Structures are given as C-alpha cells and as structure tokens.
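Note sheet for the following structure.
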Protein chains: 2
Amino acid sequence: MFKRSPSLTEQVKSHLKQRIINAEFDGGRMPPEMELARELKVSRNTVRDALGRLETEGVILRRQGAGTFINQVGQLVKNRLEEIIPYEALIRESGYVPTVRLLSAQQKQVPAEVTTHLHLSPDEELLIVQKLFLADDKPVILTLTYIPPDIIKQPYTQDDCRLPVYEFIPQFCRQEFAYYLSEIVPLIATSWLAERLDLPEEGGALLTFEETGYNQDNQPIVRACSHFRHDLLRLRLIRRLAR
Amino acid sequence: MFKRSPSLTEQVKSHLKQRIINAEFDGGRMPPEMELARELKVSRNTVRDALGRLETEGVILRRQGAGTFINQVGQLVKNRLEEIIPYEALIRESGYVPTVRLLSAQQKQVPAEVTTHLHLSPDEELLIVQKLFLADDKPVILTLTYIPPDIIKQPYTQDDCRLPVYEFIPQFCRQEFAYYLSEIVPLIATSWLAERLDLPEEGGALLTFEETGYNQDNQPIVRACSHFRHDLLRLRLIRRLAR
DNA sequence: CAGTGGTCTAGACCACGGG
DNA sequence: CCGTGGTCTAGACCACTGG
C-alpha cells in the first residue's frame, strides 16, 4: 500500500490526517493502534511514530488506557514552529490564497548586525532579497534575506530568488541547508515597514523572526528576517508539560 | 545503572546532556549510538530517542554516515517552545537569578475576551492572579492568570497562588492539566505594563503569550497572558526542514 | 478485568559519508 | 569499502482507564 520513500511514518501520518479531515472516524475517536497497524500493514511502532507527530501538531490527543481522540481545538494550529514550512503553505493553511511578490534582489552593503551573524567583515557586500507574501492579495509577510554572493556557485535569474532560501542554497550553492537558529522578536513598525505591509499606520506591533541559517558543516551561511502581520496570520502552538 | 521511572529515555537524555556540558566528549564528537547503548546498558532505540530529543533542543547535530556532533550554536537556545517549563527555570537557564513576586490574587470581573475563551458567561467573576518574575531583581515577565473559582475544590492560601497554574490545577482542582493552546502576540506596552515591567517608557514592543489551558477532558479551564521583556529574555529555537 | 496507550528490547536492512 | 545514522519490524511487559 505504501512506498518506501518518503518514510513510512510520514505516509501513515498524512494518510491518517486526511482521514481525520474527511471525518472518517466516528465520535471523534480513532481506532486502537494495533488495529491501525494491521489495517495499514505496518508495525505498531510506525503507527505510534505517526500518531506522535499528529499529537505534537495538535491534531489528536492520546490518553493512556482510554484511547486516541481527535482534537477540534488543535485545528487552530496551522504550523509547527520548529519545522520550516514555505510561507505560501502557511498562508494556504490559514485559509487564504497565497501569492509571492519579489520586491528586489540586489547586492549592497548591509548593517553590521547582519555581517556579524554570518562571521563576515562589516564592509562585505551581500545579496539582499526582499519578498512580500500576500494572502488574498493583502500583504501579510515581508521577508529580507541576506546571502553572501561568493557562496553562489551557479548562475541564477531574478526569478530564482523567489524560491525560499533553504531551497535556493542547495540548488545554487553546492551545499546543504541544515537548520535555522531563530529568535522571535516583537517590533514597532517603522514607516518603511508599514508602507510595504499596508498597515494603517506606523507604530503598530509586528511579530518578527530573525533567523540565521546554517549549512551541514554548521557554518552560518544566510540571514533572514520575516515580519508578520499578526492581525491576519496567527502564530499558534500546542504546549505540553515536559515528560 | 538506571531506574524505571522517569523513563529510561529521559534519564539517558539528561545523562548525556550533563556529559556534554562537562565537555567529556573530545573534538565535539559523540560516540556511535551502538557504543553508547552498550555502555549505558540500554537498547540502541532508547539511545536514539534520547539523542533525538537533544537534537530538537539544539544540543547536538546528527549526520547520516558521518556521526553525532555537539552543537555550540545550540547553547543559545534556552527553552523548547512546545514544552511548558517554569519561568524560574527559563530565567535561570538564561543566566540570571530568578525570583517570583505575587502582585495580587483576587476575584473580579474580567474582559469578555477571557470568558469567551473559557466558554463562560461574560458576567462571571474569575480569580485573577498577577505575578512578576525577576531576573537578578530586574522585572522580566509579568503573568496574568484567570481561573474560574468554582473549579477549585480545596482551600488554598495566597502563597499557593505563587505556583504555576499547571501545578495549581492538579493540586487544588481535582483534575489534570493537559496542554496549552498558545498564541504568540506582539504588543505595544501600555503605561500600566511599562510601569510594572520597569520599562524606560510606554510604547515599546513586548512579546506576549496568550494561552488557554485545557484539562484531560479537553475542556478549557484557565486563561493566561505572559508578557516578556525581550531585551533581557530571548526566545530562541531551532527550526528544521520538514521530513 | 479486559483493552488501551507507554516504554523498551533485539535485530534487520537501508542510505549516506569518508577514507 | 566500512562505519555511521535512519527506518522499520515483532514482540514483550508495564501503567492506566473504564466498565
């Protein structure tokens, strides 16, 4: 029934999630793990891994001795914060039609704050990519991406800059993207930001992700700032007690 | 070597974390999983579970075919966002000495926004607990907790209110705390907030967690708002590509 | 007490990295 | 090529829930 790639666990997860969305389970209760395992022809461990991921996403609740239940409340969670997902997907999950607009992509000097995070000298020029994401044609996310030009090994077009950085890197830089170290920062909207994000006025609060991207050798290779209009896009998550 | 509770996985995790902190592994490289399993007298799966948790915490990096490595960068991450930890611990991890100050605990009417989240009628009076957390005697977190008084089944003192809600609930309400549904919100500091958090002026940006707590029957039982001074306390996390 | 999820084991095979 | 981490299996036992 399932192929070998992507991982069985991942396929089982998607499969179950789809059945939950389709409301195929009566009374908000899911079948026992053993039954799912038999049915899907995988081991119970694989089912449990898949259920575990659905649980951290807030889709289900599990209670020892009682069973596994579908969590309506968790539907409000649109993204797993510790997982990088394309902003288009986030916007779509939130119920809007996403579009991307490339505002600019040019090589320039940057604030020292940026070069510091990338372990570069302050006068180094970087490629700055500005992108605006729209939800139903309303601006919701503005991203600034800083890439050292000398890591780019293949020719690229302006259009390639529309790719998420973590896809651009492996395609054009002959190295792998490993992870972001991200900081969540609240910001007062400057007039520059307010204009681009179509805010009613400057001085409002914005949610910002300030992220440094590392490659598989654990060297910083990219810096990114994402500004969210939290009135249109809510960042929610499920938090549990430590085990 | 290990007991049965807390879980083997959790004990192995703590054990390895301590050895990492003590810099017991040369060259930033950890022994192979098989070797750790033999050494600690547990199965490789258990070791892998423990390493998996350390990886999401940012403590280590694993590369298929290459090995497991200690991640200096990850030291900047002080907390796992999807895990509830006491604010004192967060402050301590960030390098300060934590203290808690109970500002007030009284029954009052609350904004409709609060009663809505708890599925109560707007005129219901709730117990409001205000707490201030200090790092090296500087205010860093202000929390407001709203508890419906009728769920409290045991007598309690003012001092009991200093407990985190998720500990107060099981102790005084004869029910279990299951999880928070949290929303991350950027806020403009009001003068009321600025005064209590000792901010230089009102109008600065604050990071806020707006959370609804659910019990094991998946009913909302508590509402909490936490305001962070992000200049002193940074919220950082590791983000990876989806599998 | 029967049935559920929670934990742990031993073993197998695969995919990838580096010499 | 060998050794590493990544995935999956089958089976065992425990802890808890609910009738």
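Numbers restart at 1 for each chain; the letters A, B, ... are given by sequence-line order, proteins then strands. Since the model is a prediction, treat every value here as computed from it, not as a measurement.
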Short heteroatom pairs, N/O only, protein and nucleotides 9-13 of chain D, under 3.5 Å:
residue : atom : partner : partner atom : Å
D/dT9   : OP2  : A/S43   : N            : 2.9
D/dT9   : OP2  : A/S43   : OG           : 3.1
D/dT9   : OP2  : A/T46   : OG1          : 2.4
D/dT9   : O4   : A/N45   : ND2          : 3.3
D/dA10  : N6   : A/N45   : ND2          : 2.5
D/dA12  : N6   : A/R44   : NH1          : 3.4

Please report, to 0.1 Å, the donor-acceptor pairs under 3.5 Å made by any side chain of residues 144-153 of chain A, with sequence neighbours excluded.
residue : atom : partner : partner atom : Å
A/K153  : NZ   : A/D150  : O            : 3.3

By side chain to side chain contact (heavy atoms under 4.5 Å, CB included), which residues pair with A/L102, not counting sequence neighbours?
A/V129, A/K131, A/Q158, A/C161, A/R162
Helix axis bend for the helix from C/dC1-D/dG18 to C/dG18-D/dC1 - C1'-based end axes, five pairs, 10° rounding
10°
Listed by chain and number, what are the side chain to side chain donor-acceptor pair (under 3.5 Å) partners of A/Q154, not counting sequence neighbours?
none
Sequence neighbours left out, cut at 3.5 Å: what donor-acceptor pairs do the side chains of residues 44-52 of chain B make with other protein atoms?
residue : atom : partner : partner atom : Å
B/R44   : NE   : B/E33   : OE1          : 2.9
B/R44   : NH2  : B/E33   : OE1          : 3.0
B/T46   : OG1  : B/S43   : OG           : 3.3
B/R48   : NH1  : B/E33   : OE1          : 3.4
B/R48   : NH1  : B/E33   : OE2          : 2.9

Grab the CG-P distance between A/D217 and C/dG17 for me, whole Å please.
11 Å
For A/K78 and A/L90: C-alpha separation, side-chain torsions, deciding distance, then whether side-chain contact (heavy atoms from CB on, under 4.5 Å) applies.
CA-CA 7 Å; A/K78 306 301 182 189; A/L90 172 58; 4.2 Å; yes
Find the distance A/D49:CG to D/dC8:C1' and express it as a whole number of Å.
9 Å
Residues A/P98 and A/R92: closest non-hydrogen pair is CG-NH2, 3.7 Å
Residue list, side chain to side chain contact (heavy atoms under 4.5 Å, CB included) with A/R19, at least two apart or on another chain
A/H15, A/E24, A/F25, A/E39, A/L40
Would you check if the side chain of B/R240 reaches a backbone N or O of A/E82 as a donor-acceptor pair within less than 3.5 Å?
no
Set of residues satisfying ring-ring contact (aromatic ring centres under 6.0 Å, His included) with respect to A/Y166, sequence neighbours excluded
none
Whether A/R48 contacts C/dG5 is assessed here as follows: a side-chain N or O lying under 4.0 Å from the phosphate OP1 or OP2. Is that the case?
no
Nearest-angstrom distance from the residue atom CG of B/N215 to P of D/dT17
13 Å
Tell me which of B/E10 and A/Q216 sits closer to the 5' end of DNA chain C, going by the nucleotide each one is nearest to.
B/E10
Using the side chain to side chain donor-acceptor pair (under 3.5 Å) criterion, which residues pair with B/E57? Sequence neighbours excluded.
B/K13, B/K17
Contact residues, residues 53-71 of chain A to DNA chain C [heavy atom, < 4.0 Å]:
A/R62, A/R63, A/Q64, A/G65, A/G67, A/T68
Find the distance A/R38:CZ to C/dG3:C1' and express it as a whole number of Å.
12 Å
Less than 6.0 Å separating the ring centroids of B/Y87 and B/F228?
yes
For DNA chain D, which residues of residues 17-36 of chain A approach it to below 4.0 angstrom with any heavy atom?
none
Partner of A/L16 under side-chain contact (heavy atoms from CB on, under 4.5 Å), picked from A/I21, A/V59, A/I60, A/L54, is A/L54
Which side-chain N or O atoms in residues 174-184 of chain A pair as donor and acceptor under 3.5 Å with protein atoms at least two apart or in another chain?
residue : atom : partner : partner atom : Å
A/Q175  : OE1  : A/N215  : ND2          : 2.6
A/Y179  : OH   : A/N218  : OD1          : 2.6
A/Y179  : OH   : B/N71   : ND2          : 3.1
A/S182  : OG   : A/E211  : OE2          : 2.5
A/E183  : OE1  : B/R236  : NE           : 3.0
A/E183  : OE2  : B/R234  : NH1          : 2.5

